[in-house]
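Every chain is numbered from 1, with letters handed out A, B, ... down the list of sequences. No experiment lies behind these values; they were computed from the predicted model shown.
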Amino acid sequence: MSKQSQTPKAAPAPSRSMLLDWLAIQRNRITILMILAGMAMVLPLVANNYVLEILTNAWFYVVLCLGLNIVVGYAGLLDLGYAAFFAVGAYTTGILTSEFGVNFWLTIPVAVVASMITGVIIGGPTLRLRSDYLAIVTLGFGEIVRICARNLEITGGASGLIGIERPSLFGLHLNQINHFYYVFLALAILACFISYRLQHSRLGRAWQYVREDEDAAEAMGIGRVAIKLYAYVIGAIFGGVAGCFFAAKMTAISPETFMFQQSVLILVGVVLGGMGKIPGVVIGAFALVLFPEVFRGIGSMRMLVFAVVMLVIILYRPEGIWPARRT
Amino acid sequence: MSTLDILLQQLANGLILGSFYALVALGYTMVYGIIKLLNFAHGDLYMCGAFIGFLFLSLVSGLLGESWGGILCSMILSMITVGLLGVLIQRVAYLPMLAAPRLSILITALAVSMVLSNGVMALTDGEYEAFSTDLGFEGLEMGNVFVTYTQIALVVSAALLMVTLFFFINRTMYGKAMRAIAIDQDACRLMGINVNKVITLTFFIGSALAAAAGVMAGVYYGSVHFFMGFVIGLKAFTAAVIGGIGSIRGAMLGGLVLGLLEAFGTQIPFIGSEWKDVFSFGILILLLVFKPTGLLGKTEIERM
Amino acid sequence: MKKSMLTAALGCALTGLFMLGQAATAADLKIGIMVPTTGSEATAGKDMENAILLAADEINQAGGVLGMKITTTTGDDACDPQQATAAASKLVSADVAAVVGGYCSGATLPTLKLYGDAGVPFIIAASNSTKLIDANQGNAFLVNSTGYDQVNTAVELFTSKGANKLAIIHQGDGYSEDLAKLTKEKWSSLGKEVVAYEVVNKGEQDHSSLVTRIKSKAPDAIFWTAYYADGALVIKQLRQAGYRKLIAVGDGSNSPKLLEIGGKATEGVFCFSNPTVDYLPAAKAFSEAYKKKYDQDPDAYSSLAYDGMKLMADAIQRAGSTDKAAIIKAIAATKDFKGIAGPISFTPKNTLAHSNFVTLIAKGGKWVLNK
Amino acid sequence: MSDVILEIRDVETYYGKIHALRGISFSVEAGEIVTLLGANGAGKSTTLRTISGLNRAKAGSISFMGEEITTKSPHEIVSMGLIHVPEGRRIFKGMTIKENLELGSFTLKDESERRRRMEHVYELFPVLHERRQRDAALLSGGEQQMLAMGRALMTDTKLLLLDEPSMGLAPFMVQGIMKIIKRLNAEGVTILLVEQNAKAALKLADYGYVLETGEIVVKGKAGKLQQDESIVKAYLGE
Amino acid sequence: MPLLHVQDLVLSFSGLKVIQGLNFSVAQGSIASLIGPNGAGKTSVFNCLTGFYRPDSGSIRFAERSILRKKPHTITRQGMARTFQNLRLFKSMTVEENVMSGLHCRTHAGALAAIFQTPGQRREEARVHRISQECLDFVGILDKKDWVAANLPYGDQRRVEWARALATKPKLLLLDEPAAGLNHNEKIELIELIRRIRDELDITILLIEHDMGLVMKVSENITVIDYGQKIAEGSADQIQNDPKVIEAYLGREDDEEA
């Protein structure tokens, strides 16, 4: 009630001082980003393997969350089976390297194509559905992918694949956690960059139009199915590529990693941080990884505390942790 | 066993399992129908129902024994307790979120689900608890088809609950108000219906039904576990969507259809039982592609 | 304003992480324990941790190893591959001399690479998927008999009971699938028939349709290779549907809970088991000490975990230093170490030289040794 | 002192950020038919929604039978006997006609009273009786309007708010509805009528108000307004 | 050949006929109106024209091509733009972003172009901004281009809708009750604007409106529908004196004392 009680104030017209303020924020933002990036870069010099492992995992989830953010945050589609795309990437790399001896880097384009195809297969016929139905379809699809991975011979069945080759980069064999730390940091930065560019493009706007009002968007000449499919496929590529590197880092993958809970976890990261807001999603991904790790000491209460904190955050900030762009 | 016998037995299996799914799916569909929320915590209410039933059974078994009397008594107590829990959840977690973006409220539901399952996990240390009752294996044998008395009792009680619900929904003022709210909330307000009260009642009934199913599962299968709500929650959700989410009759039909799909899915020649979930999810997706509102769901005309 | 608070919170979290990963004081012998202490398998994991701590206490009271006191650090793998790598990194970062533990095969698997690269000696107490053997880089040792040994024991039992048609059910995880697959291969290689090879989803409760399918194939014996919780339900429903022939379960189902949940349906079920304290005369002292210290009975894998710790201490003593390579060498050279679960020696593949599997049978709601 | 049943003072209402009612005041006396006229978007429906509590007034006060109802919730207002038949009828499609009527008497606890009122409604609208077991969605537009009105009469109605009852109806239907309104009024129900069909409405009403962009711009006795050129202008061009 | 030609259009919802065999056409370069009492089916006609409803039968030809049962976005791409009766702005986005949505169907940059910010993409973005601002300038709210749409006063929100529709480069503009909720002055400005759109931009206009004064002033041809059927057609004068129209709007003269 109280929100509505304020009479509609005219939004401040952009004045000169506002402009200066805005520029200052912009400058500050860049400084903050530089400092954070610098910290991220030098971290492996001071941190031990455990910390690096955790942070590598965090960067990895940043990529996944940003990928899902394109589907959920930008295009407004509920996806409960995102782990499927991640699985497609991981298994593509896993199968190609361990069974056929293909070079890791060559598996990435294959994984991209595979995840695109998967995205189209699932998205094509179902994106016409309204969001709640889409939820169950994506959920079912995620389960189908996992069950296939579990039952098929080529995916190594329930035990999964082991002995996935780790790649070399410019002659350096990526074999230590700090290597992977940088690999995933680079992936995360790339994911942020691509997300940013997409968000502020014709396509990004189209996603926002469709999310805000499908019918009005249609009336403006934006084909909603095609636009949603675009989001789906790009989100799938993010997941697929992240999966490739995940497989290389873990050297062993099994279907357990791609359960429904994984999809939910990624979704939680996106929504908790703030759908559609890149810094929010990054924070969400970090919270996802750091929180359970920091509170591991409290044992069986840990996930309960996590769930309660999550509930409280969502109740107090339904739009996510990160403040909205404008009100 | 002849092929016919197998098919008949699978038919019986499917119907038994399906009546179970239907009972849980009803809660899903009622809540969805009335506030358009996919209550992901519903499966966990089922789990809580089983645990609370287990707790009550161990309390009352001294007085009433571990047989039908005690079970019935603990089932009713569990239904009431979980019904209230459902109401509490609605008040604390869903009511403040009705105006928020749809995705946020779904995440709330997921969070509630996590709170419940992790809460029970913390309380029970993740242990399986044996729900020991001395119900026998005797049953009816018709040809080669065999159904135990427990299974019959299970189906009968599920059917009774559903008939009661059906009666409530169609014959009482509150039941009619529930259906009306699903159609048009504002119009209901103008009829003098206290919409919030009816929503609360819906949560109570839906949760109580889940609890009933949970206790029945505990008794029949003989164990309870914090994770037990997950699979059934998924299945009930699927059943509700197959039937047309929001439709009471749809949930019942969807439950039976899913039960039968799974039973016969195990029996498909050439491919093993490990594919049965792919089979049922595949059918679900195909169904939604060709009939996006489920079997009994209504197509809505949207006006500009 | 909000943003700076967020940054601060992030900073705190990171600092917290650093603290967690910090090393302990020197002059102690640091041993890592890797078991699931959270998540669905926490009970088993804690039981193993208890047994290891008990062993460490006893060693310390007897003067320690090479004059050093044993201190332990626990890494929680939560029975999850991703968390397991984090736990392994934590232990490696804490600079432990060796690691004892390993419960879920799926979680242990990706850690082998980490321990292998760091050259950390690793005694695997419970995980026994045969995949572990292939992924081992030479530093890991399995003190639990592997699937191969279990399959031999199982096949022996089925053959002795005159079974020909066998049905195998697993649960779609690495451990139970591995066991099922090996049994299937072995059984077929003997020229006998596997009439059903099925999967049950974890957490599913109703198995009636599967039971009907299996019953229709009329197997002489049914082998459940997965865990007790769902196993009890499957057995109960099999018996309920009128299946009266032989049912056996793998070591993952070796728990009194199976009998408790399954009730009278489980009467007469066979179980292949690694040696648990109840059937080990040598474990009496351990069992009592455990009860005294933790006020509860030791569970299935405690004896192996206990042996693992003792063996590790013994090997370090023999190596004469905490040099990791030397320890590995010493473990490999172990000859009939007297564990409470039986003598330990290793094959060239670092698995147990002599199977210590036993067969149990459910009688009167209890597991007893099948004679 | 005349018997004022509904009193509205300086009411302001927002739809989100849109200032829909900009301070309107008027009153309805017991036994009257009062009509609100105006173009689409002028605020007529919002006025009714604000009275019945579906929308909250941001400022001003509304009182019904001497009791302040500004902050009461719709179901409380309904139980006082103020019934709102919304625009577009909003009947419960998918439920039978009988069930629709029963819902109208939700606030009644007495079963025999409910039956009595239902008889009364059936008498007013015989067609509803004929089809009482059928799905309300299958009714024609006019029948739906009858059902909506019948539903509103299922309780102890003192003031009836009717929002565009003639919308989309054939002329003979419009006449029928107007006749019913007249009859109800004769039976003692006070009526606040929002109508597009200005002529028909003014013919029926005792008093009329014309709204434009959330404000009352013209008011007067219905007979007088009927003669007023400006009203005709507003509806059929100059 | 008229720009828009509708023949025998029939639309029904679950058996209820909303439009029953409607015929009308709109000449190139004209300002036409579709009027009728509430519930007469006007908005349904718009929804059929723009592809939101699928008519049961009939034909709709636009710029000499059939657009029957085409998807809304395809129809927009072919040059028909619309506004909505209840404003359908992208509320949390800025005014300029709202208008930019209209240009989506006239631009091409894809994901790769956006990621690499190719020169073509940059040029296109610049063009999108320029055209959007020109559209805003045309409707007279360029100064508010950075406002969040939801914060605008009602009248200005309407203008954003028009600007947005103009940005799609339409041949025909459908306005659904453009005067609803506007005050007297705003209505006068609206009439002015409608004329300017036709005269300066050479866009044909079809509007649905309730405000007869406005309709009579601005339109050259008026089609009156009731119960989904055409009951009259002609100039303002003809319509005003048509007894059928008077009956539909004012109630029958002879609905006497029943």
| field | Among the listed options B:Val231, B:Asn13, B:Val147, the residue most often paired with chain C at heavy-atom distances under 4.5 Å | value |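 Most heavy-atom pairs within the cutoff with chain C belong to B:Asn13.
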
| field | NZ (C:Lys366) with more than 12 external heavy atoms under 6.0 Å | value |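 No, the 6.0 Å shell around NZ holds no more than 12 heavy atoms from other groups.
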
| request: Using a cut-off of under 4.5 Å on heavy-atom pairs, state which of C:Lys257, C:Gln237, C:Lys202 scores highest against chain B. | output: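 Most heavy-atom pairs under 4.5 Å with chain B: C:Lys257.
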
| Max heavy-atom pair count under 4.5 Å with chain B, selected residue of C:Thr38, C:Leu210, C:Val200 |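 Looking at each option in turn, the highest pair count goes to C:Leu210.
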
If I measure from the heavy atoms of chain C, does [X] come under 4.5 Å with its side chain, its backbone, both, or neither?
{"X": "B:Glu129", "result": "both"}
{"X": "B:Asp277", "result": "side chain"}
{"X": "B:Ser223", "result": "both"}
{"X": "B:Phe230", "result": "neither"}

| C:Ala196 portion near chain B, given a 4.5 angstrom heavy-atom threshold |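 Contact with chain B: none, neither part.
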
| Considering only heavy atoms, which portion of C:Ala241 lies under 4.5 Å from any heavy atom of chain B: side chain, backbone, both, or neither? |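 For C:Ala241, backbone heavy atoms alone lie under 4.5 Å from chain B.
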
| Working for side-chain contact (heavy atoms from CB on, under 4.5 Å), residues C:Asp230 and B:Tyr128 | CA-CA 10 Å; C:Asp230 297 273; B:Tyr128 282 80; 4.0 Å; yes

| Is there a side-chain contact between C:Glu204 and B:Lys235, using heavy atoms and a 4.5 Å cut-off? |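 Yes, their side chains come closer than 4.5 Å.
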
| field | C:His207 side chain near B:Tyr221 side chain, heavy-atom distance below 4.5 Å | value |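 The answer is no; the side chains never approach within 4.5 Å.
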
Could you tabulate the donor-acceptor pairs under 3.5 Å formed by side-chain atoms of residues 263-272 of chain B, not counting sequence neighbours?
| from | atom 1 | to | atom 2 | distance (Å) |
| --- | --- | --- | --- | --- |
| B:Thr266 | OG1 | B:Glu262 | O | 2.8 |
| B:Thr266 | OG1 | B:Ala263 | O | 2.7 |
| B:Thr266 | OG1 | C:Ser209 | OG | 3.3 |
| B:Gln267 | OE1 | B:Gln10 | NE2 | 2.5 |

Looking only at heavy atoms, what is the nearest atom pair of [X] and [Y], with distance?
{"X": "C:Gln205", "Y": "B:Tyr46", "answer": "OE1-OH, 2.8 Å"}
{"X": "C:Lys236", "Y": "B:Gly222", "answer": "NZ-CA, 3.5 Å"}
{"X": "B:Glu274", "Y": "C:Tyr197", "answer": "OE1-O, 4.4 Å"}

| Backbone N or O of B:Leu17 within a donor-acceptor pair of the C:Asp206 side chain at under 3.5 Å? |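 Not confirmed, C:Asp206 side chain does not pair with B:Leu17 backbone.
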
